Amino acid sequence: MAETKSVLTDEIRALIGATGEKVEASLWGIEREDLRRFTQAIMDPDPRYWDDEFAKTTKFGGIVTPPIYCTYLSRKTPPGADDPITRAFRENPESDGIGGVDTDRRGALPSIPTHLKRIMNAGNEIELYKYPTLGDRIFSQARIADIKERAGRDGAPMLFITTETIYTNQRGEVLCVLRASSLRR
Amino acid sequence: MVTADALRNKEQLYYDDVKEGLALPPLVIGPMTPTHVFRWSSAIENWHRIHYDQSFAIYHDGLPNILIQGSWKQSILPRYLKDLCLPDGWMWKVSFQHRAMIVPGDTITCWATVTHKTERDGLGFVDLEVGMRLQNDVESCPGAATIVLPIRGGRPIPYPFVPPKD
């Protein structure tokens, strides 16, 4: 039987608590057009996202976004940036479309120095406090909340990594907190 | 399917009207198609090939088909719980795991069952067991949530939401 070696090294353990830079996640603040595409893609016809007159009558007092809409904004490529798709396939013709795309994401956390390449989304925890409204600027700050070692079904050690990202608006109000867990194996 | 008018005219669910074991109204989405998957990738700029390139998904990653994105699933339970709370309740917390893959052809039923209720600071906190069940009864996204519902004759739920002091 092969000897199993711990994958949770001191170098990796030292990353627990590492905090990324606080960055603006939105490119131009909350925009109506992007909201339209997003809400159609989650199949949510809620008029609170597009009907100004109705939205004014709600407890929110105006147009709002879906619960965790602001957590997706930082995925967008800023204008003027190197085209991530061209770059990914230039670097690796067999690219899966994500390798090379995320490497210079603003506010990114340090990468985990491990030979375990496969990443699986293991779950999410969301806390919600306020919805953004049109024109709001969204800021995010991430930290590595925890890293644990777990055994896979085949007994091989895996890393269970939890990151926590806090989203705020231009007034520093907390909009939501997203904890994302992933498995590296 | 939920319509804009149904959400515009949604009647409030009150804390007084829920009890442990109560199944809340489900939301059915689907059947999902590659076009739904592509629309989401495009909306959030997710270029991962396993979500639009079927050959890559099957022959490179060994998957059964292109996959419905975890990032999409992540927004669906909050959206469902938001609907349940409208117009004046608040979806405070939700957590879930990504279990069974969802692929084109699947139909998803978002569901929630009350597990516990408690009154704190004049607000009604309702704990739920939640999930996204597929047409073959496989649970794709098991989880738990806490929503806050108004109490008849009670105070309004603060917005922005302020959690109770424990």
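Everything quoted here is computed from the prediction, not taken from an experiment. Naming: A, B, ... by sequence-line order, numbering from 1 per chain.
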Between [options], which shows the greatest number of heavy-atom pairs under 4.5 Å with chain A?
options: Lys10(B), Gln97(B), Arg79(B); answer: Arg79(B)
options: Ser41(B), Pro158(B), Pro160(B); answer: Pro160(B)
options: Trp90(B), Trp72(B), Phe56(B), Trp92(B); answer: Trp90(B)
options: Lys93(B), Arg8(B), Arg39(B); answer: Arg8(B)

Against chain A, label [X] side chain, backbone, both or neither, depending on which of its atoms sit under 4.5 Å from a heavy atom there.
X: Ile76(B); value: side chain
X: His36(B); value: side chain
X: Leu77(B); value: neither
X: Leu86(B); value: side chain
X: Phe96(B); value: both
X: Ser42(B); value: both
X: Thr3(B); value: backbone

Identify each donor-acceptor pair in which a side-chain atom of residues 130-138 of chain B lies under 3.5 Å from a protein atom, sequence neighbours left out, and give them as a table.
| from | atom 1 | to | atom 2 | distance (Å) |
| --- | --- | --- | --- | --- |
| Gln135(B) | OE1 | Thr107(B) | N | 2.8 |
| Gln135(B) | NE2 | Asp106(B) | OD1 | 2.8 |
| Asn136(B) | OD1 | Val138(B) | N | 3.3 |

Can you hop from [X] to [Y] via hydrophobic side chains spaced under 4.5 Å?
X: Leu8(A); Y: Ile112(A); result: yes
X: Ile68(A); Y: Phe161(B); result: yes
X: Leu109(A); Y: Leu116(A); result: yes
X: Ile16(A); Y: Ile161(A); result: yes
X: Leu128(B); Y: Val18(B); result: yes

If you measure from [atom1] on [X] to [atom2] on [Y], what distance do you get to the nearest 0.5 Å?
X: Phe54(A); Y: Asn9(B); atom1: CZ; atom2: CG; result: 7.5 Å
X: Lys59(A); Y: Asp88(B); atom1: NZ; atom2: CG; result: 5.5 Å
X: Ile108(B); Y: Met43(A); atom1: CD1; atom2: CE; result: 7.0 Å

Throw together a table of side-chain donor-acceptor distances under 3.5 angstrom for residues 145-155 of chain B, partners on residues two or more places apart or in other chains.
| from | atom 1 | to | atom 2 | distance (Å) |
| --- | --- | --- | --- | --- |
| Thr146(B) | OG1 | Asp127(B) | OD1 | 2.9 |
| Arg152(B) | NH1 | Asp17(B) | OD1 | 3.0 |
| Arg152(B) | NH1 | Asp17(B) | OD2 | 3.1 |
| Arg152(B) | NH2 | Asp17(B) | OD2 | 2.9 |
| Arg155(B) | NE | Asp121(B) | O | 2.7 |
| Arg155(B) | NH2 | Asp121(B) | O | 2.9 |

Give me the atom names and distance for the closest heavy-atom approach of [X] to [Y].
X: Tyr72(A); Y: Gln74(B); value: OH-CB, 3.9 Å
X: Asp44(A); Y: Lys82(B); value: OD2-NZ, 2.9 Å
X: Pro93(A); Y: Arg49(B); value: O-NH1, 4.5 Å
X: Ala43(B); Y: Asp34(A); value: O-OD1, 4.3 Å

- What residues of residues 166-180 of chain A sit under 4.5 Å from chain B when you count only heavy atoms? Glu173(A), Leu178(A)
- Query: Just checking heavy atoms, which of residues 117-141 of chain A are less than 4.5 Å from chain B?
  - Reply: Arg118(A), Asn121(A), Ala122(A), Gly123(A), Asn124(A), Glu125(A), Ile126(A), Glu127(A), Leu128(A), Tyr129(A), Lys130(A), Tyr131(A)
- Which portion of Pro67(A) sits near chain B, non-hydrogen atoms under 4.5 angstrom: side chain
- chain B contact via Phe60(A) - side chain, backbone, both or neither, heavy atoms under 4.5 Å: both
- Task: Say whether, by atom type as modelled, one donor and one acceptor occur between the side chain of Arg48(A) and the main chain of Pro87(B) under 3.5 angstrom.
- Result: no
- Under 4.5 Å between any side-chain heavy atoms of Pro47(A) and Leu7(B), yes or no? yes
- Max heavy-atom pair count under 4.5 Å with chain B, selected residue of Gly61(A), Ala41(A), Ser181(A): Ala41(A)
- Query: Just wondering, are more than 12 heavy atoms of other shown residues or ligands nearer than 6.0 Å to CZ in Arg120(B)?
  - Reply: yes
- Message: More than 12 heavy atoms of other residues, nucleotides or ligands under 6.0 Å from NZ of Lys76(A): yes or no?
- Response: yes
- Message: Could you check whether Trp47(B) and Phe89(A) have their ring centres less than 6.0 Å apart?
- Response: no
- Item | Asp61(B) and Asp96(A): CA distance, side-chain angles, deciding distance, side chain to side chain contact (heavy atoms under 4.5 Å, CB included) verdict | CA-CA 9 Å; Asp61(B) 273 29; Asp96(A) 59 8; 5.6 Å; no
